[in-house]
J.: 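Mind looking over this structure? Questions follow.
Counting from 1, the numbers follow the sequence of the chain as shown.
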Amino acid sequence: MDAFYATIIEDVKNIVSANEFKFEERAHMQHEQTLMVAKDKIVEVMLCLRDKHKFEFMMDLCGVDWPEREKRFDVVYHLLCPKSNRRLRVKCEVGEKESIPSIMRVWKTADWFEREAWDMYGIEFAGHPDLRRILTHNEFKGHPLRKDYAADHNQAMQGEGLENIFEKDRERLMKKYNHEDLMWINIGPAHPATHGTLRFMSVIDGGERIKEMDVEIGYLHRCFEKMCENHNYNQIIPYTDRLNYCSAPMNNSAFCETVEKLIGIKVPERAQMMRMIIDELSRIMDHYVCIGANLVDLGAITGFFYLFEERELIYALFEKLCGARLTVSLMRIGGMGFEVPEGWLEECSRVIDKIEKRHAEIESLVTTNRIFVQRTKGSGILPKDLAVQYGYTGPCLRATGYEYDIRKEEPYWFYDQVKFDVPVGVHGDTYDRYLVRMEEVRQSIKILRWCLANMPGGPINVPDKNIVLPSKKDVYGNIEGLMNHFMLIIKGVQPPKGEVYHRSEAANGELGFYVISDGSGTPYRVKCRPPCFALLSGFPEMVRGNFLADAVAALGSINIIAGELDR
């Protein structure tokens, strides 16, 4: 056994009795070690893991329903120790009428994750100060991710008593203040800065400084994870497109890579390089949406037009590759859906040259712009320690000065072979988040040029007829190809029984998928760890004490994409 995990076991033995924990080690699968502990000891175990073993980040928390089991639910935590690049899964069994202690005192990000597990499954977290619905509306009955909840049982909100809801929100936020001169302000969802998908409730003083803020989400929740349980693995790929639709292919590749890890296969080198190129083009697109939309929120529309023109060039590349532009479904489990057409790589190189030139123009237009600097520098600050507490990843974490990028620390594909820098900020303010994204675009350009210069030949799919659909020539030309196609479409890819958590460095940070397979063609459980969820949970801390107008600038800088946030 790995010495690192052996030390953890010894320390856990001092907290719980021998029959209250179990350790599962999977030597063949990196980062898939699981520690199962009694629920009553979860806080003590987590404090030990955080303080002694430096698992600084709680990346994800979710529920799993096992209705035939005596203890019906699993509560599953995914932890990260950046110092040693180790990950650990911690599980607790919880009965239907039992509760499990909240770990909010260990990680602040547990607040929203525990609310989600209660909303979706009805799992009670003892000691949570505000256990209320987060993704479904306040009139919703039941818990949609339970196995006995019908997938087609939709519940539309009637809107009865909305006046009451607003009044309750006002009372909840203002109860700690007795000053008469404080004002409760509702912003959104029908507000230009919230894009119809977010709602903010603020308590401000006479100088328009924020004393308290709360966030309401769920306006775009479509129960992605429930849909995954009712479709085969390849059918899920178009649903992943609709998570972060500003960089859709990154969701495709992260999900496919997760299932491939579960099966135990690695796609051919050419497919890996294609995924890498498509992901970096998507990263540029995503950063340009963030920067361009942020500029519009601040009243500067010229930069928005400049940046979206470059996005159109990338959309045109995707269209030539697969026929779609926004939601592309480019990847397949086992490889790629499409080979690059003739001349596509050369055109991609020309597009990169144009983006680099336009990027320099945006730099001169925005970076030293006096109004932009005054609106963003020194506002929307979230210190490094709080960013870690809230599970921040990606550009928003790096803007605080914390250097962590999965492509460097846990490299996949060819990221360990290409030289690129990881930009970091200093203050963790709105301006630093802008600068980090601008520099990341330059690094993506560098990575793309290396990929284009080193594109390998060969196949784009694994040679396994149980995973990859046969070519049209085989389907129409021989009975074996036709039968193979028929069986894969009907039954789907069938990974072995097991569970896996896989992560990638998406544009907004760590995008993770936790998949449980029961051996059939449809997953038993899929949990998406969306970077936006953790980012927005820390937003009230980020803007407390700021002017209300600065909160709008800060919101644009963390790039909340509602499809990913709500799933």
J.: Report the C-alpha distance between E499 and K91 in whole Å, list the side-chain angles of each, state the deciding distance to 0.1 Å, and finish with yes or no for salt bridge (charged side-chain N to carboxylate O under 4.0 Å, His left out).
T.: CA-CA 12 Å; E499 59 185 339; K91 279 188 191 178; 2.9 Å; yes
J.: Check whether the side chains of D279 and S253 place a donor and an acceptor atom closer than 3.5 Å, and report yes or no.
T.: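 S253 and D279 do have a side-chain donor-acceptor pair below 3.5 Å.
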J.: For E70, look at atom CD and say whether over 12 heavy atoms of other residues, nucleotides or ligands are found less than 6.0 Å away.
T.: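 Atom CD in E70 is not packed in, count stays at 12 or less.
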J.: Taking D74 first and then R525, would you say they form a salt bridge - that is, a charged N and a carboxylate O separated by under 4.0 Å?
T.: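 The answer is no: the pair does not qualify as a salt bridge.
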J.: Contact between I381 and M542 at the side-chain level, heavy atoms closer than 4.5 Å - yes or no?
T.: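 No - every pair of side-chain heavy atoms lies 4.5 Å or more apart.
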J.: Looking at G334 and V267, what are the two nearest heavy atoms and their distance?
T.: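 Shortest heavy-atom separation between G334 and V267 comes out as C-CG1, 3.4 Å.
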J.: Please check this pair: side chain of H53 against backbone of F55, looking for a donor-acceptor N/O pair closer than 3.5 Å.
T.: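 It does not hold such a pair.
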J.: Determine, using ring centers only, whether Y402 and F57 are less than 6.0 Å apart.
T.: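 Yes, ring centres under 6.0 Å apart.
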J.: I'd like to know if the side chain of N559 pairs up with that of D286 as donor and acceptor (distance under 3.5 Å, no hydrogens or angles considered).
T.: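 Distance-only check passes for N559 and D286.
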J.: Could you tell me which residues satisfy salt bridge (Lys or Arg N to Asp or Glu O under 4.0 Å) with E439, sequence neighbours excluded, listed by chain and number?
T.: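 With neighbours one apart ignored, the set is R442.
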J.: Between CD of E409 and CG of L80, what distance do you get to the nearest 0.5 Å?
T.: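 It comes to 9.5 Å.
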J.: Shortest non-hydrogen contact from T393 to G509?
T.: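 Distance-wise, the nearest heavy atoms are OG1-CA, 3.4 Å.
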J.: For K13, is there an ion pair with E10 - N to carboxylate O distance below 4.0 angstrom?
T.: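 A salt bridge links E10 with K13.
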J.: Do side-chain atoms of E56 reach the backbone of K83 as a donor and acceptor pair under 3.5 angstrom?
T.: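 A pair under 3.5 Å: no.
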J.: Is it true that K71 and E96 have a side-chain N and a carboxylate O under 4.0 angstrom from each other?
T.: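 Salt bridge: no.
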J.: Only one of F73, Y121, W118 passes ring pair (Phe, Tyr, Trp, His ring centres under 6.0 Å) with H143; say which it is.
T.: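 Answer to the ring pair (Phe, Tyr, Trp, His ring centres under 6.0 Å) test with H143 among F73, Y121, W118: W118.
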J.: Decide if atom NZ of K108 counts as having more than 12 heavy atoms of other residues, nucleotides or ligands within a radius under 6.0 Å.
T.: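 No, not enclosed.
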J.: Kindly indicate, with the supporting measurements, whether the criterion side chain to side chain donor-acceptor pair (under 3.5 Å) is fulfilled by N252 and D241.
T.: CA-CA 6 Å; N252 295 173; D241 276 324; 3.0 Å; yes
J.: Are the side chains of M250 and N244 in contact, using a 4.5 Å heavy-atom criterion?
T.: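 No - every pair of side-chain heavy atoms lies 4.5 Å or more apart.
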J.: Roughly how far apart are S517 OG and L262 CG, rounded to 0.5 Å?
T.: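 Result: 5.5 Å between the selected atoms.
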J.: Looking at E410 and R503, is there a salt bridge between them, counting it only when a charged N and a carboxylate O are closer than 4.0 Å?
T.: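 The answer is yes: the pair qualifies as a salt bridge.
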J.: Less than 4.0 angstrom from a charged side-chain N to a carboxylate O is my criterion; do R437 and E440 meet it?
T.: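 Between E440 and R437 there is no salt bridge, as every charged N stays at least 4.0 Å from the carboxylate O atoms.
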J.: Taking all heavy atoms of A554 and all of R433, pick out the closest pair and write down the distance.
T.: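 Here A554 and R433 meet closest at CB-NH2, 4.1 Å.
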J.: Under 3.5 Å, is there a donor-acceptor pair between the side chain of T400 and the main chain of C396?
T.: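 Checked: no pair found.
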J.: When the ring planes of W66 and Y524 are compared, do they come out parallel, tilted or perpendicular, using 30° and 60° as the limits?
T.: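 Correct class here is parallel.
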J.: When you measure from the side chain of R283 to the backbone N and O of S444, does any donor-acceptor pair fall under 3.5 Å?
T.: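 Flag not set: sc R283 to bb S444 has no pair under 3.5 Å.
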J.: For a 4.5 angstrom cut-off between non-hydrogen side-chain atoms, does T136 reach P144?
T.: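 T136 reaches P144 side chain to side chain.
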J.: How long is the straight-line distance from CD1 of I467 back to CG of L488, given to the nearest 0.5 Å?
T.: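 Answer rounded to 0.5 Å: 9.0 Å.
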J.: Between H78 and Y501, does the ring centre distance come in under 6.0 Å?
T.: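 They qualify: ring centres under 6.0 Å apart.
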J.: Are Y77 and I42 close enough, and set up right, to give a side chain to side chain contact (heavy atoms under 4.5 Å, CB included), and what steps lead you there?
T.: CA-CA 10 Å; Y77 309 82; I42 188 62; 3.8 Å; yes
J.: Does K52 have more than 12 heavy atoms from other residues, nucleotides or ligands lying within 6.0 Å of its NZ?
T.: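 No, the 6.0 Å shell around NZ holds no more than 12 heavy atoms from other groups.
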J.: Taking the basic N atoms (NZ, or NE/NH1/NH2) and the acidic carboxylate oxygens, is any pair closer than 4.0 Å for K266 and E260?
T.: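 Salt bridge absent between K266 and E260.
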J.: Is D405 paired with R398 through a side-chain N to carboxylate O contact shorter than 4.0 Å?
T.: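 The answer is yes: the pair qualifies as a salt bridge.
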J.: Under 4.0 Å between a Lys/Arg side-chain N and an Asp/Glu carboxylate O for E116 and R567?
T.: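 Salt bridge present between E116 and R567.
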J.: Are E229 and K147 within salt-bridge range, i.e. N to O under 4.0 Å?
T.: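 So E229 pairs with K147 through a salt bridge.
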J.: Distance from H221 atom NE2 to L565 atom CG, nearest 0.5 Å?
T.: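 Reported to 0.5 Å precision, the distance equals 11.0 Å.
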J.: Which distance, rounded to the nearest 0.5 Å, do you find between the CE of M227 and the OH of Y239?
T.: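 Answer for the CE-OH pair, M227 versus Y239, is 5.5 Å.
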J.: So, taking the atom named CD in E225 and the one named SG in C528, what distance separates them when rounded to the nearest 0.5 Å?
T.: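 So the CD of E225 and the SG of C528 are separated by 6.5 Å.
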J.: More than 12 non-hydrogen atoms from neighbouring residues, nucleotides or ligands closer than 6.0 Å to CZ on R222, yes or no?
T.: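 Count over threshold, so yes.
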J.: Is the Y149 ring parallel, tilted or perpendicular to the H153 ring (thresholds 30°, 60°)?
T.: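 Rings of Y149 and H153: tilted, 30 to 60°.
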J.: Got a donor-acceptor contact below 3.5 angstrom from the D429 side chain to the G380 backbone?
T.: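 Side chain of D429 to backbone of G380, a donor-acceptor pair under 3.5 Å: no, none is there.
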J.: Quick check: does any side chain N or O of D432 sit under 3.5 Å from a backbone N or O of G425, one acting as donor and the other as acceptor?
T.: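 Here the side-chain-to-backbone pair does not exist.
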J.: Is any side-chain heavy atom of E98 less than 4.5 Å from a side-chain heavy atom of I123?
T.: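 Not in contact.
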J.: Check whether more than 12 heavy atoms from other residues, nucleotides or ligands sit under 6.0 Å from atom NE2 of H231, and answer yes or no.
T.: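 Atom NE2 in H231 is packed in, count exceeds 12.
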J.: Indicate yes or no: does R87 engage E510 in a salt bridge with an N to O separation below 4.0 Å.
T.: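 Salt bridge between R87 and E510, a charged N being under 4.0 Å from a carboxylate O: yes.
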J.: Answer yes if the ring centres of F533 and F113 are under 6.0 angstrom apart, and no otherwise.
T.: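 Centroid separation for F533 and F113: below 6.0 Å.
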J.: Would you check, one step at a time, whether the test salt bridge (charged side-chain N to carboxylate O under 4.0 Å, His left out) holds for K497 with D518?
T.: CA-CA 5 Å; K497 288 183 180 181; D518 59 3; over 6 Å; no
J.: Looking only at atom types and distance, does a side-chain atom of H128 sit under 3.5 Å from a main-chain N or O of D111, one as donor and one as acceptor?
T.: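 Here the side-chain-to-backbone pair exists.
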J.: Return the orientation label for the Y415 and F420 ring planes: parallel under 30°, perpendicular over 60°, tilted otherwise.
T.: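 Geometry flag for F420 against Y415: perpendicular rings.
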J.: Is the centre of the F539 ring less than 6.0 Å from the centre of the F200 ring?
T.: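 Ring-ring flag for F539/F200: true, centres closer than 6.0 Å.
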J.: Counting N and O atoms only, with roles assigned by atom type, does the side chain of E114 sit under 3.5 Å from a partner on the main chain of I103, one being a donor and the other an acceptor?
T.: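 Checking the backbone N and O of I103 against the side chain of E114, a donor-acceptor pair under 3.5 Å is found.
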J.: Assess the side chains of E216 and Y219: does a donor N or O sit below 3.5 Å from an acceptor N or O?
T.: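 Per modelled atom types, E216 and Y219 side chains form a pair under 3.5 Å.
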J.: If you define the side chain from C-beta out and look only at heavy atoms, does anything of V37 sit under 4.5 Å from C92?
T.: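 Counting from C-beta outward, V37 and C92 do come under 4.5 Å.
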J.: Strictly by modelled atom types, are Y412 and E257 linked by a side-chain donor-acceptor pair under 3.5 Å?
T.: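 Checked: Y412/E257 side chains show no N/O donor-acceptor pair below 3.5 Å.
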J.: So do the side chains of R72 and R146 get within less than 4.5 Å of each other, counting heavy atoms only?
T.: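 Yes; the side chains approach each other to less than 4.5 Å.
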J.: Return yes if some donor-acceptor pair links the side-chain N/O of D119 with the main-chain N/O of R133 below 3.5 Å, else return no.
T.: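 Not confirmed, D119 side chain does not pair with R133 backbone.
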J.: Is any side-chain heavy atom of V422 closer than 4.5 Å to one of R407?
T.: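 Not touching, per the 4.5 Å side-chain cut-off.
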J.: Taking Y390's backbone N and O only, do any of them form a donor-acceptor pair with T109's side chain (distance below 3.5 Å, no angle check)?
T.: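 A pair under 3.5 Å: yes.
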J.: Which one of R544, R132, R199 satisfies the salt bridge (Lys or Arg N to Asp or Glu O under 4.0 Å) criterion with D214?
T.: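 Answer to the salt bridge (Lys or Arg N to Asp or Glu O under 4.0 Å) test with D214 among R544, R132, R199: R132.
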J.: For the residue pair E564 and N508, establish whether any side-chain heavy-atom pair is separated by less than 4.5 Å.
T.: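 A side-chain contact under 4.5 Å exists here.
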